[in-house]
Amino acid sequence: MNACQHEQAADASNRYMRITIECPHCGTRCVAVDSRKMSSTMREITYRCRNWECGFTGVATLEFQRVLVLSSIPATDVSLPLSRHIKRGQLALQLADEGNVADDEASYLANLHTPLSDWGVSSAMPAAPPD
């Protein structure tokens with residue numbers, strides 16, 4: 001096996017992605033040297049440039065932004081917005097059918113305002129006036 005094949009095999013066996021970032025000054029890959037929990041949805045990570053001539057060390061944050069799939073065991077203190085692709089009405093009905101939420105919460109979720117960008121522009125919407 002050549003070096004490239006070894007690297008591909010190692011990547012295939014590693015089922016988790018390692019988050020890396022390039023040094024903003026020299027472009028060399030930085031490595032995480034420390035991590036600190038800031039909240040249940042955010043961590044602060046200290047990165048150090050691997051180029052010893054550069055010597056840059058900096059802090060980055062890693063934070064959950066939105067929910068793609070709901071947790072089966074949600075924490076009561078975690079509040080993240082739902083991704084735009086989740087159809088809130090269908091989600092509320094599914095949750096209510098499974099008995100995972102109270103009826104009032106299901107009604108609330110079903111009646112949430114959904115931005116037009118989620119569903120596209122309705123044919124009932126008037127066309128923009130000509131210039």
Side-chain angles (χ1 to χ4, degrees):
M1 251 190 197
N2 63 29
C4 183
Q5 289 171 327
H6 279 293
E7 188 174 312
Q8 289 174 348
D11 287 343
S13 66
N14 183 6
R15 59 183 214 191
Y16 297 106
M17 181 188 306
R18 177 170 286 186
I19 304 299
T20 61
I21 191 168
E22 291 181 356
C23 174
H25 299 286
C26 72
T28 303
R29 188 180 72 126
C30 292
V31 294
V33 294
D34 192 24
S35 175
R36 181 171 69 134
K37 182 177 180 176
M38 303 301 287
S39 72
S40 59
T41 59
M42 188 173 88
R43 291 195 75 80
E44 188 177 80
I45 305 166
T46 302
Y47 284 97
R48 183 179 306 142
C49 179
R50 294 183 71 187
N51 179 354
W52 62 272
E53 291 176 337
C54 175
F56 173 77
T57 300
V59 174
T61 56
L62 177 65
E63 181 177 20
F64 285 103
Q65 296 293 311
R66 62 188 168 275
V67 176
L68 297 177
V69 177
L70 290 175
S71 171
S72 297
I73 49 171
T76 57
D77 63 333
V78 174
S79 177
L80 291 168
L82 296 177
S83 177
R84 288 181 176 180
H85 81 275
I86 296 175
K87 294 181 180 176
R88 287 158 177 81
Q90 290 178 350
L91 175 65
L93 293 173
Q94 178 184 358
L95 291 173
D97 288 345
E98 293 175 359
N100 290 338
V101 293
D103 288 336
D104 58 336
E105 186 173 353
S107 298
Y108 169 77
L109 285 171
N111 293 319
L112 280 176
H113 168 70
T114 305
L116 289 177
S117 60
D118 280 356
W119 305 100
V121 177
S122 169
S123 59
M125 296 284 293
D131 289 328

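In this structure T28 satisfies the side chain to side chain contact (heavy atoms under 4.5 Å, CB included) test together with C26, C49, R50, N51, sequence neighbours excluded.
Annotation: salt bridge (Lys or Arg N to Asp or Glu O under 4.0 Å) contacts involving residues 26-36, sequence neighbours excluded, comprise R36-E44. Pairs passing the ring pair (Phe, Tyr, Trp, His ring centres under 6.0 Å) check and including a residue from residues 37-61, sequence neighbours excluded, read H25-F56.
Contact between R43 and S35 at its shortest, heavy atoms only, is NE-OG, 2.7 Å.
If you take CD1 on I21 and CD1 on I45, they are separated by 9.0 Å, rounding to the nearest 0.5 Å.
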Tell me which donor-acceptor pairs under 3.5 Å the side chains of residues 58-78 have, and how far apart each pair is, sequence neighbours excluded?
from, atom 1, to, atom 2, distance (Å)
S71, OG, I73, N, 3.0
S71, OG, I73, O, 3.4

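Taking Ile, Leu, Val, Met, Phe, Trp and Tyr as hydrophobic and joining them when side-chain heavy atoms fall under 4.5 Å apart, one finds V31 in a cluster with V33. Grouping Ile, Leu, Val, Met, Phe, Trp and Tyr residues whose side-chain heavy atoms lie under 4.5 Å apart, directly or via other members, places M38 in a hydrophobic cluster with M42.
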